[in-house]
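Worksheet: one structure, shown below.
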Amino acid sequence: MKQILPAYKTIDMETWPRREHFAYYRNNIKCGYSVTVRADVTALAAFAKKKGLHFYGCFLYAASKTVNSMDCMKMMIPPEGGAGIWQVSNPNFTVFHKDDETFSDLWMEYQPQFSAFYREYGHVMQNYGDHHGIKGRPGQPANFFCISCVPWLDFSGYFTYSSGNAEPALFPILAFGKYTEQGGRLTLPVSLSISHAAADGYHSSQFFEKLQENLNDVENWI
C-alpha cells in the first residue's frame with residue numbers, strides 16, 4: 001500500500017541555490033552540527049505567570065512558530081527523491097515522569113494561533129501526559145521536529161550523537177534548559193541540532209534571531 005504523506009512541496013533542484021550544498025552534505029560528508037545560544041525569556045516568563053500558563057507550553061509555541069516560519073527547518077525527502085518541504089511541521093516534545101524518572105515523547109498538531117496551540121497542548125498533556133514508554137502518544141506523523149526540555153540544567157553546549165550508519169536528520173532537534181536570572185533578565189540555553197544538508201550557519205543564526213523575536217512578542221499572541 002502506498003504511503004500517504006502529509007502535504008509537502010518539492011524543491012526544484014535545477015534552480016535551488018543550495019542544490020550543491022544539499023547533495024554534498026547528503027552524499028559526500030554526511031554531517032550535522034549543533035549550536036547553543038542563550039535566549040532571553042524575561043517577557044515569556046512574565047506572560048506565562050500572568051496568564052497562569054505552563055512555561056513549557058508557551059516556549060513550545062515560540063519554538064514551533066519559528067520552525068514553521070523557515071523552509072530549511074521543515075525539509076524532508078519525498079518518495080520521488082530530491083528534497084522537499086513540509087507544509088507544516090508538528091512538535092514532538094518530551095515529558096518527564098517523576099515516578100520512575102523516565103521520559104516519553106508526545107506529539108501535537110501545530111496551530112499557528114497561540115490560543116488554539118495552547119488548547120491542543122493542554123489536550124495532549126491531559127490525555128497522554130501520564131503515558132509511560134518512549135512513545136507516549138501513538139500515531140506520530142512523518143512531518144515533525146523534536147524538542148525537549150532539561151529544566152534541571154543550565155548548560156552551555158549540547159550535541160546530539162547517533163552511531164552506526166545513521167544520517168543526520170533533516171528535521172531540527174531542539175533542547176532548552178532552565179532559566180536563570182542575571183541583571184534583572186531571565187535567560188536560558190537553547191540548542192539547535194540539524195543536518196548540514198538542511199541548513200548552514202546563516203540559517204541557524206536566522207533561526208535564533210526569529211526565535212528571540214517571537215519570545216519578545218508575547219503580548220501580541222492573544
Taking distance alone, no hydrogens or angles, what donor-acceptor pairs closer than 3.5 Å link side-chain atoms of residues 172-184 to residues at least two apart or in another chain?
from: Thr180; atom 1: OG1; to: Arg38; atom 2: NH2; distance (Å): 3.3
from: Glu181; atom 1: OE2; to: Gly183; atom 2: N; distance (Å): 3.4
from: Glu181; atom 1: OE2; to: Gly184; atom 2: N; distance (Å): 2.6

* Are any non-hydrogen side-chain atoms of Arg19 and Asp12 less than 4.5 angstrom apart? -> no

* **Side-chain touch Thr36/Val190, heavy atoms, less than 4.5 angstrom** =>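 Not touching, per the 4.5 Å side-chain cut-off.
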
Between [X] and [Y] (judged by ring centroids, cut-off 6.0 Å), do the two rings come close enough to count as a pair?
{"X": "Trp221", "Y": "Phe47", "answer": "yes"}
{"X": "Trp152", "Y": "Phe96", "answer": "yes"}
{"X": "Tyr118", "Y": "Phe114", "answer": "yes"}

Which atom names give the shortest non-hydrogen contact between [X] and [Y], and what distance separates them?
{"X": "Trp16", "Y": "Ala83", "result": "CZ3-CB, 4.2 Å"}
{"X": "Thr10", "Y": "Pro78", "result": "CG2-CG, 4.3 Å"}
{"X": "Cys72", "Y": "Ile194", "result": "O-CD1, 4.0 Å"}
{"X": "Ala197", "Y": "Phe22", "result": "O-CD1, 3.4 Å"}
{"X": "Tyr56", "Y": "Ser148", "result": "OH-CA, 4.1 Å"}
{"X": "His203", "Y": "Met73", "result": "O-CE, 4.3 Å"}

Any donor-acceptor N/O pair, [X] side chain to [Y] backbone, under 3.5 Å:
{"X": "Tyr61", "Y": "Ser115", "value": "no"}
{"X": "Lys74", "Y": "Ile85", "value": "no"}
{"X": "Asp100", "Y": "Thr102", "value": "yes"}
{"X": "Tyr8", "Y": "Asn143", "value": "no"}
{"X": "His123", "Y": "Gln126", "value": "no"}
{"X": "Asn90", "Y": "Tyr110", "value": "yes"}
{"X": "Thr42", "Y": "Leu186", "value": "yes"}
{"X": "Asp105", "Y": "Lys135", "value": "no"}
{"X": "Asp40", "Y": "Thr187", "value": "no"}
{"X": "Thr66", "Y": "Phe207", "value": "no"}

Cluster question for you: counting only ILVMFWY and a side-chain heavy-atom cut-off of under 4.5 Å, with indirect links fine, are [X] and [Y] together?
{"X": "Phe55", "Y": "Ile222", "answer": "yes"}
{"X": "Leu44", "Y": "Tyr121", "answer": "yes"}
{"X": "Ile11", "Y": "Ile77", "answer": "yes"}
{"X": "Val37", "Y": "Phe59", "answer": "yes"}

Report the distance from atom [atom1] of [X] to atom [atom2] of [Y], rounding to the nearest 0.5 Å.
{"X": "Lys50", "Y": "Glu219", "atom1": "NZ", "atom2": "CD", "result": "5.0 Å"}
{"X": "Ser195", "Y": "Tyr33", "atom1": "OG", "atom2": "OH", "result": "8.5 Å"}
{"X": "Cys58", "Y": "Lys49", "atom1": "SG", "atom2": "NZ", "result": "14.0 Å"}

Would you tell me whether [X] and [Y] have side-chain atoms, one donor and one acceptor, within less than 3.5 Å of each other?
{"X": "Tyr24", "Y": "Glu20", "answer": "no"}
{"X": "His97", "Y": "Ser104", "answer": "yes"}
{"X": "Asn220", "Y": "Asp217", "answer": "yes"}
{"X": "Asn92", "Y": "Gln140", "answer": "yes"}

* To do: Could you walk me through whether Lys65 and Leu211 pass the side-chain contact (heavy atoms from CB on, under 4.5 Å) test, one step at a time?
  => CA-CA 8 Å; Lys65 184 178 182 180; Leu211 175 62; over 6 Å; no

* Pair Asp71 + Lys9, salt bridge at N-O below 4.0 Å -> yes

* To do: Quick one: do Ser34 and Ser193 satisfy side chain to side chain donor-acceptor pair (under 3.5 Å)? Show the steps, please.
  => CA-CA 4 Å; Ser34 181; Ser193 299; 3.0 Å; yes

* To do: Evaluate side-chain contact (heavy atoms from CB on, under 4.5 Å) for Leu60 paired with His54, printing each intermediate quantity in order.
  => CA-CA 10 Å; Leu60 191 59; His54 292 169; over 6 Å; no

* Asked: Does Glu101 CD have over 12 foreign heavy atoms under 6.0 Å away?
  -> no

* Give a yes or no on this: more than 12 heavy atoms of other residues, nucleotides or ligands lie within 6.0 Å of atom NE2 of His132. => yes

